[in-house]
Number of protein chains: 2
Amino acid sequence: MLDDAISNVKRTRIQTVNREAILQAALSVFSAYGYRGATLDEIAEKAGMSKPNLLYYFPRKKSLYVAVLEETLAQWLAPLATMKADGDPADELSRYIDAKIAMSRDNPAASRLFASEILQGGGAITEFLHGPLKAIVDEKSRIIADWVAAGRLRPVDPRHLIFMIWATTQHYADFDVQVRAVLASDDETRFDVASETARRVILEGLLPR
Amino acid sequence: MLDDAISNVKRTRIQTVNREAILQAALSVFSAYGYRGATLDEIAEKAGMSKPNLLYYFPRKKSLYVAVLEETLAQWLAPLATMKADGDPADELSRYIDAKIAMSRDNPAASRLFASEILQGGGAITEFLHGPLKAIVDEKSRIIADWVAAGRLRPVDPRHLIFMIWATTQHYADFDVQVRAVLASDDETRFDVASETARRVILEGLLPR
DNA sequence: GTCTATACATGGATAGAC
DNA sequence: GTCTATCCATGTATAGAC
């Protein structure tokens with residue numbers, strides 16, 4: 001457990017504001033350079049305060065990183081939770097793909113922070129990966145397996161299907177510069193086309209004939 | 001243009017050996033921490049030599065990074081080049097997916113280095129992205145569009161299909177720790193299942209009925 | 001709560017002996 | 001070609017005034 005700055009309860013007005021500014025700046029810098037590549041200087045500047053002042057709120061770099069990560073993980077996990085066993089497979093998968101593409105469009109930094117942490121070994125979120133994440137994937141995999149067993153979906157390995165959806169949707173946040181380069185940049189419809197392509201390919205590939 | 005260490009021609013025996021050791025160590029460290037997060041200390045230690053000696057071969061951190069990146073980009077691009085217009089769409093797409101999954105299995109560090117560079121803004125490979133990469137994607141997109149026009153493939157946006165294949169296959173290298181956590185780790189068949197799942201979903205989704 | 005000053009470690013890079 | 005020693009900038013973190 002890391003000593004996480006000032007007591008979690010009873011924050012003054014200015015504390016709340018500053019904390020928010022710091023977390024936002026930290027998200028942007030950590031997601032761009034990873035934990036080791038990020039500097040407190042840059043974060044402090046982006047947050048509009050001095051470095052010692054930043055360290056007043058988060059006494060160590062690591063505690064700031066953990067705080068940002070925790071906020072992000074919850075967000076990252078949320079859409080999957082909405083997948084329902086009693087729904088229509090096509091609807092449920094469609095909605096999930098859409099929700100993840102929306103995340104890539106609306107909060108690319110969160111996606112990149114997560115990608116960066118995993119890429120760098122995931123040491124800071126080992127427990128999350130083997131705990132809550134594995135648990136929800138297991139649960140949703142059972143739902144997908146049931147759909148397959150009931151003939152409502154063609155045979156597929158549920159976990160690898162989930163990987164496929166994650167990979168495809170996150171690609172538009174994590175590999176944004178590459179996507180823009182290939183599409184000749186100012187194609188602002190790319191998220192819609194991405195969502196449609198993913199839905200069409202995956203659903204056509206999996207729905208029974 | 002960066003001054004890239006000792007003259008590119010006429011290397012002595014030991015120079016070749018050391019250069020190779022450095023490049024390999026650099027790949028491993030840069031891919032794990034990104035450019036800014038990587039340290040010459042760590043690279044030198046992994047390469048089994050002193051830091052000044054390393055700097056004798058690559059006088060600046062940046063020139064070493066560029067050298068490693070260039071080796072990687074060529075590798076990364078190679079499989080796509082083999083996609084032929086006069087082949088069977090199912091075969092061509094199958095082969096490409098397999099080749100990319102094989103890359104993720106056999107050279108995950110290369111995939112991660114590329115991912116890391118893109119994630120961090122891709123500043124070191126802007127020309128590659130807008131030049132050779134865009135060119136080959138344009139070319140292969142035309143092939144896919146022709147298949148669609150000829151009714152050999154169901155309607156799909158070629159570039160987004162390529163993104164989907166990239167994302168899905170690279171996921172197994174870039175997000176390895178997450179994949180292992182979810183699959184309960186020592187599932188050594190994961191690359192085969194991944195390849196089969198991707199091929200099945202994508203081909204079933206795209207081949208005409 | 002916020003600032004200035006500063007301690008102390010690490011990292012990139014160079015000098016010069018061998 | 002390789003090493004030791006070292007320079008200097010940057011980076012995390014603390015002390016203490018206000």
Side-chain angles (χ1 to χ4, degrees), chain A residues 2-23 25-26 28-69 116 120 123-124, chain B residues 2-23 25-26 28-69 116 120 123-124:
Chain A
L2 249 120
D3 56 330
D4 183 30
I6 10 185
S7 66
N8 267 347
V9 271
K10 288 193 185 169
R11 293 195 187 107
T12 68
R13 177 103 208 90
I14 188 160
Q15 278 177 341
T16 312
V17 170
N18 279 343
R19 233 186 102 94
E20 265 325 296
I22 293 171
L23 286 172
S28 128
V29 176
F30 280 129
S31 70
Y33 299 110
Y35 176 69
R36 277 171 47 159
T39 69
L40 295 182
D41 268 317
E42 205 170 331
I43 297 173
E45 199 199 318
K46 273 212 164 126
M49 73 189 65
S50 68
K51 191 160 52 167
N53 199 14
L54 183 158
L55 283 163
Y56 167 73
Y57 287 91
F58 296 89
R60 23 218 86 246
K61 188 187 185 182
K62 194 102 201 181
S63 63
L64 174 54
Y65 184 63
V66 169
V68 178
L69 257 183
S116 168
Q120 314 209 351
Chain B
L2 247 121
D3 57 327
D4 183 28
I6 12 185
S7 66
N8 266 348
V9 270
K10 286 192 188 171
R11 293 195 188 108
T12 68
R13 177 103 210 89
I14 189 162
Q15 278 177 342
T16 312
V17 170
N18 279 343
R19 234 185 102 93
E20 266 324 296
I22 292 170
L23 287 172
S28 126
V29 177
F30 280 129
S31 70
Y33 299 110
Y35 176 69
R36 275 171 49 159
T39 70
L40 295 183
D41 270 316
E42 203 172 332
I43 297 173
E45 200 199 317
K46 273 214 164 124
M49 74 188 67
S50 66
K51 189 161 55 166
N53 199 14
L54 182 159
L55 283 161
Y56 167 75
Y57 288 91
F58 295 90
R60 21 217 90 245
K61 188 186 185 183
K62 194 103 200 181
S63 63
L64 175 54
Y65 185 63
V66 169
V68 178
L69 257 183
S116 167
Q120 314 208 353

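In the text below, chain A, chain B and the rest are named by the order of the sequence lines, each starting its count at 1.
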TODO: Quick one, give me the B/S/- string for nucleotides 5-18 of chain C, reading 5' to 3', where B means a protein heavy atom under 4.0 Å from the base and S means that only happens at the primed atoms, P, OP1 or OP2.
DONE: B-----SBBB----

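- Legend: residues meeting side chain to side chain contact (heavy atoms under 4.5 Å, CB included) with B/Glu20, ordered by chain and number and at least two apart, are B/Leu23, B/Glu71.
- Taking only side-chain nitrogens and oxygens, A/Asn53 comes nearer than 4.0 Å to OP1 or OP2 of C/dC3.
- Partners of A/Ser28 under the side chain to side chain donor-acceptor pair (under 3.5 Å) rule, at least two apart in sequence or in another chain, are A/Lys46.
- Legend: residues meeting salt bridge (Lys or Arg N to Asp or Glu O under 4.0 Å) with B/Lys51, ordered by chain and number and at least two apart, are B/Asp41.
- The nearest whole Å value for the distance from the CZ atom in A/Phe30 to the P atom in D/dG11 is 13 Å.
- When the side chain to side chain donor-acceptor pair (under 3.5 Å) test is applied to B/Gln120, no partner is found at least two apart in sequence or on another chain.
- When rounded to the nearest whole Å, the span between CZ of A/Phe58 and P of C/dG1 equals 14 Å.
- Applying the side chain to side chain donor-acceptor pair (under 3.5 Å) rule to B/Tyr35 yields no partners; only residues at least two apart in sequence or on another chain are considered.
- Separating the OH atom of A/Tyr56 from the P atom of D/dT14 is a distance of 15 Å, rounded to the nearest angstrom.
- Taking only side-chain atoms of A/Ser50, from C-beta outward, the nucleotide of C/dG1, C/dC3, D/dG1 with the closest atom is C/dC3.
- Between atom CG of residue A/Asn18 and atom CZ of residue A/Arg13 there is a gap of 10.5 Å, rounded to the nearest 0.5 Å.
- Rounded to whole angstrom, the span from the CZ atom of B/Arg13 across to the P atom of D/dG1 amounts to 13 Å.
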